[in-house]
K.L.:
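Would you mind keeping the following structure in view while I ask a few things?
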2 protein chains.
Amino acid sequence: MAKARRTKPRIQASAQFFEEDNQPVVLSPQDERALAQIYRLAQQISTAVESQNDPTLAIPTRSLGNVSFNESKRILEMGSKTTSRELFNLSQAKSFMQTTLVASGAKRLIEMGKTTSIRGLYYMLKHDIKPTKEPTFHNQGECDPIIEDCEVLLAALREELHLFAEKRGDMVGNIQIVDSGDEIDCSRMGSGGYAIPSIVEPSVVQFKKCDADFVLHVEKNTVWQRFNEDKFWKKHNCILTHGNGQPPRGVRRLLNRLNTELGLPIFCLLDNDPWGYYIYSVVKQGSINLAYESERMATPEAKFIGLRSRDFERCGLSEGVKITLNDLDRKRAKQIAEYPWFIHKKDWQREIDVMLRNGFKLEVEALVSRSISYMTEEYVPRLLKEGDFLD
Amino acid sequence: MAKARRTKPRIQASAQFFEEDNQPVVLSPQDERALAQIYRLAQQISTAVESQNDPTLAIPTRSLGNVSFNESKRILEMGSKTTSRELFNLSQAKSFMQTTLVASGAKRLIEMGKTTSIRGLYYMLKHDIKPTKEPTFHNQGECDPIIEDCEVLLAALREELHLFAEKRGDMVGNIQIVDSGDEIDCSRMGSGGYAIPSIVEPSVVQFKKCDADFVLHVEKNTVWQRFNEDKFWKKHNCILTHGNGQPPRGVRRLLNRLNTELGLPIFCLLDNDPWGYYIYSVVKQGSINLAYESERMATPEAKFIGLRSRDFERCGLSEGVKITLNDLDRKRAKQIAEYPWFIHKKDWQREIDVMLRNGFKLEVEALVSRSISYMTEEYVPRLLKEGDFLD
């Protein structure tokens with residue numbers, strides 16, 4: 001085996017790299033931290049080779065068995081179990097190669113000061129391993145879990161590795177931000193709004209001035225449009241966001257930052273159905289698959305402001321708005337009721353139980369059957385005033 | 001039969017209605033035109049009743065048989081065929097009722113100065129017809145085609161009836177707009193961008209100042225992020241939009257307005273696959289289902305700037321980026337080649353033929369395999385310089 005070339009750490013506080021067109025790239029402290037982690041990994045492999053040991057990676061295990069609910073922090077957390085991935089093991093050599101390849105891709109992106117989508121990274125790294133015709137990745141499905149491995153291995157969010165997810169979700173309200181050097185006043189964003197980027201780390205998005213008292217996060221963009229048109233955020237001095245269904249990473253991270261950095265309460269207006277409960281669970285406690293990122297992606301302080309199982313009667317809705325529960329709904333509702341962060345909460349157990357006994361679910365739009373602006377002028381204001389929400 | 005109450009037209013140039021909270025509603029000229037159309041419809045039914053005739057609606061037929069390609073305007077157009085919908089016809093009475101119900105819903109929305117989603121309208125209109133338990137609509141699937149009927153019947157886009165679609169798609173670039181009274185400088189929108197609203201009619205969105213020379217419309221938001229991060233729109237003095245796949249109505253209407261009102265060329269960067277071709281077809285010629293709106297939704301001047309079937313070789317892409325065509329791809333490609341607006345274009349016939357002979361398709365992201373910014377720094381600039389695009 002040829003002697004491996006020594007990889008010298010070359011990270012310094014003021015390190016500057018060069019983009020393809022020779023513009024110097026200024027690294028953020030986050031960039032420097034991520035690069036240092038990548039070099040640490042490379043050093044570790046290189047050291048193993050030089051001391052004639054088998055190169056091995058200890059990848060933190062990302063399965064349910066290694067995830068637990070931290071009662072005091074109120075978020076999902078990863079445990080300390082790791083899985084060993086060895087270069088000199090026939091069944092692991094390929095994924096070892098893929099892991100270092102993804103890490104080297106992240107290094108290139110950071111040094112260039114560029115970001116790409118996970119699909120872009122896949123295309124960037126895919127090639128045949130000469131002289132064989134064996135591709136580095138057969139498809140993106142092979143690459144995505146390796147990206148997650150690298151996130152836990154390097155203790156970095158994928159955004160810090162310069163990878164972005166699809167973006168969807170918009171914001172308006174009484175806040176001024178700076179995004180990539182541009183000052184954006186979210187109270188002057190018309191009917192369209194500010195499109196929340198995929199990467200909202202402090203290196204990209206800074207909060208400049210915020211007068212808002214809270215954040216109202218709604219599930220759907222159509223509902224968001226109703227709230228924006230009625231200038232709800234102006235009347236109630238708040239910020240209005242949506243995530244077009246299950247909020248993408250950028251939106252969840254932004255909610256987390258609005259809560260932890262600005263101290264704003266986050267109220268979630270979601271459907272009265274298992275999917276709405278699940279969205280709430282992900283916003284509040286984090287995702288089971290990606291428990292390692294909960295610390296910065298989840299917002300344990302978030303509150304659920306509706307819709308509620310009691311609302312059909314309480315709001316005097318018309319019969320036509322009921323949507324009968326199907327078997328999958330019932331199954332999912334029971335699973336969610338068993339989640340460790342719901343199982344000890346009487347309010348949530350009652351909520352889910354009433355929905356199951358009702359036999360129907362309700363969408364937020366069902367409130368339109370009362371009147372077009374019932375949700376913005378009566379429903380949410382009343383619950384806010386009465387402090388009537390689920391935790 | 002009881003004598004119908006006479007519906008007096010009460011539309012005047014300066015008509016003011018009142019919102020639920022008693023704020024006067026100022027009607028736009030578009031609102032007044034749409035209301036006049038609704039009153040005309042009501043008057044027509046009322047006149048029939050008073051003269052003891054059976055109330056009948058003549059609904060323009062929305063099937064392929066009543067759609068043709070207008071060679072000189074280069075858009076899809078509806079023909080003049082209509083279908084009669086009668087109140088005193090057992091099989092048509094319900095849809096007659098639903099049609100007038102949707103029209104009355106639009107009237108309420110316009111008079112209140114509010115908009116809603118098509119799902120919102122469904123909830124707004126759904127109720128049991130007393131004393132029966134028969135609902136006005138069983139589900140949204142019954143309501144949506146009636147909305148389209150009303151659009152053609154009233155010669156109004158659904159946006160003019162105050163109905164909005166889901167919104168997705170963002171914009172940045174050298175243009176300043178006014179959206180609902182807010183001035184928005186799209187050259188100062190950071191990494192997130194201005195979220196394009198569903199309703200971009202001149203009553204909502206006005207163009208204030210535009211220095212841009214053209215519009216680059218890309219298919220995916222991840223590609224848009226690459227172009228925005230590389231400040232492509234600044235270097236090439238343009239506007240950058242995406243529609244997250246098949247662009248929604250708001251984005252198509254905006255492209256149409258940017259082209260027809262500001263005279264900007266529209267270049268579409270889409271995948272080299274049947275879906276990319278289809279998106280181009282919808283942007284350029286309009287949608288077959290909704291041919292009646294092509295005049296304001298389609299942009300016959302749009303150009304296709306890639307990806308092209310020749311690009312695998314021409315751009316020296318690596319083997320791994322090929323995606324093998326499946327049977328559905330082949331079938332769709334052949335159908336699209338037969339569209340009247342493609343069938344006489346040699347360039348398009350060759351393009352589709354080469355893709356079929358290649359046996360593979362290519363995504364825009366495949367260009368990343370050359371280098372991360374190859375698409376923004378080499379591919380698109382070269383085609384723009386050489387004027388090398390498909391019409």
Side-chain angles (χ1 to χ4, degrees), chain A residues 20-21 108-109 112 114-117 119-121 123-124 126-128 135-137 164 166-168 170 177-184 188-199 204-205 220-223 225-226 229-230 244 318-321 363 365-369 371-373 377, chain B residues 20-21 108-109 112 114-117 119-121 123-124 126-128 135-137 164 166-168 170 177-184 188-199 204-205 220-223 225-226 229-230 244 318-321 363 365-369 371-373 377:
Chain A
E20 284 163 338
D21 57 355
R108 271 164 62 196
L109 289 167
M112 285 190 293
K114 305 230 172 186
T115 64
T116 191
S117 63
R119 184 133 193 94
L121 184 72
Y123 275 120
M124 190 173 127
K126 181 168 184 169
H127 61 267
D128 288 349
T136 49
F137 298 98
F164 56 74
E166 272 211 26
K167 80 194 192 54
R168 49 175 200 277
D170 307 309
I177 60 163
V178 177
D179 172 352
S180 313
D182 292 339
E183 276 185 27
I184 295 167
R188 308 271 314 148
M189 287 305 301
S191 63
Y194 163 66
I196 301 170
S198 333
I199 302 188
V204 180
V205 175
K220 285 168 245 185
N221 84 44
T222 47
V223 172
Q225 291 184 62
R226 174 80 265 129
E229 192 172 293
D230 286 347
N244 227 341
S318 70
E319 198 65 26
V321 305
E363 294 183 315
E365 291 96 322
L367 299 174
V368 172
S369 77
S371 79
I372 193 90
S373 291
E377 290 168 2
Chain B
E20 284 163 337
D21 56 355
R108 272 165 61 199
L109 289 168
M112 285 191 292
K114 304 230 174 187
T115 64
T116 191
S117 63
R119 184 134 193 95
L121 183 74
Y123 275 121
M124 189 174 129
K126 181 167 185 169
H127 61 267
D128 289 349
T136 49
F137 299 98
F164 57 74
E166 271 210 24
K167 81 193 188 61
R168 52 175 198 277
D170 307 310
I177 60 164
V178 177
D179 172 353
S180 313
D182 292 340
E183 276 185 28
I184 295 167
R188 309 270 314 148
M189 288 305 300
S191 64
Y194 163 66
I196 301 170
S198 332
I199 302 188
V204 180
V205 175
K220 284 168 244 180
N221 85 42
T222 47
V223 172
Q225 292 184 60
R226 175 79 266 131
E229 192 172 292
D230 286 346
N244 228 339
S318 69
E319 198 65 26
V321 305
E363 294 183 315
E365 291 96 323
L367 298 175
V368 172
S369 77
S371 79
I372 194 89
S373 292
E377 290 170 3

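None of the values given here were measured: they were computed from a predicted structure. Each chain gets a letter, A, B and so on, in the order the sequences are listed, and its residues count up from 1.
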K.L.:
Roughly how far apart are B:R108 CZ and A:S371 OG, rounded to 0.5 Å?
P.N.:
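These two atoms lie 9.0 Å from each other.
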
K.L.:
Can you sort out the partners of A:R119 under salt bridge (charged side-chain N to carboxylate O under 4.0 Å, His left out), two or more places apart, ordered by chain and number?
P.N.:
B:E363

K.L.:
Which answer fits B:L109, side chain, backbone, both or neither, if we ask what part of it has an atom under 4.5 Å from a heavy atom of chain A?
P.N.:
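For B:L109, the side chain is the part near chain A, not the backbone.
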
K.L.:
side-chain contact (heavy atoms from CB on, under 4.5 Å) for A:N244 and B:E166? Distances and angles first, verdict last.
P.N.:
CA-CA 9 Å; A:N244 227 341; B:E166 271 210 24; 3.6 Å; yes

K.L.:
Who wins among B:S191, B:G320, B:S198, B:A366 for the most heavy-atom pairs under 4.5 Å with chain A?
P.N.:
B:S191

K.L.:
Say you draw a straight line from CD1 of A:I199 to CD of B:Q225; how long is it, rounded to the nearest 0.5 Å?
P.N.:
7.5 Å

K.L.:
Can you measure from CD1 (A:I372) to CG (B:L121) and round to the nearest 0.5 angstrom?
P.N.:
7.5 Å

K.L.:
With a 4.5 angstrom heavy-atom cut-off, is it the side chain or the backbone of A:V204 that approaches chain B, or both, or neither?
P.N.:
side chain

K.L.:
Could you tell me which portion of A:E229 (side chain, backbone, both or neither) has an atom closer than 4.5 angstrom to a non-hydrogen atom of chain B?
P.N.:
side chain

K.L.:
In the structure I gave you, are the side-chain heavy atoms of A:E365 and B:M124 within less than 4.5 Å of one another anywhere?
P.N.:
no

K.L.:
Quick one: of A:S318, A:S117, A:G193, who has the most non-hydrogen atom pairs under 4.5 Å with chain B?
P.N.:
A:G193

K.L.:
Tell me which of these, A:A195, A:P197, A:S180, has more heavy-atom pairs under 4.5 Å with chain B than the rest.
P.N.:
A:A195

K.L.:
Using side-chain contact (heavy atoms from CB on, under 4.5 Å) as the criterion, point out the one residue from B:D182, B:I184, B:D179 that pairs with A:R188.
P.N.:
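The residue from B:D182, B:I184, B:D179 that satisfies side-chain contact (heavy atoms from CB on, under 4.5 Å) with A:R188 turns out to be B:D182.
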
K.L.:
Among A:M189, A:R168, A:E319, A:H127, which residue forms the greatest number of heavy-atom pairs with chain B at distances under 4.5 Å?
P.N.:
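Heavy-atom pair counts peak at A:M189.
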
K.L.:
Return yes if some donor-acceptor pair links the side-chain N/O of B:K126 with the main-chain N/O of A:V321 below 3.5 Å, else return no.
P.N.:
no

K.L.:
Can you tell me how far the OH atom of B:Y194 sits from the CG atom of A:D170, to the nearest 0.5 Å?
P.N.:
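One gets 10.5 Å once the value is rounded to the nearest 0.5 Å.
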
K.L.:
Among B:V223, B:T222, B:I196, who wins on heavy-atom pairs under 4.5 Å with chain A?
P.N.:
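Result: the option with the highest number of such pairs is B:T222.
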
K.L.:
For the residue pair A:K114 / B:S373, report whether a side-chain donor-acceptor contact shorter than 3.5 Å exists.
P.N.:
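The answer is yes; a qualifying pair exists.
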
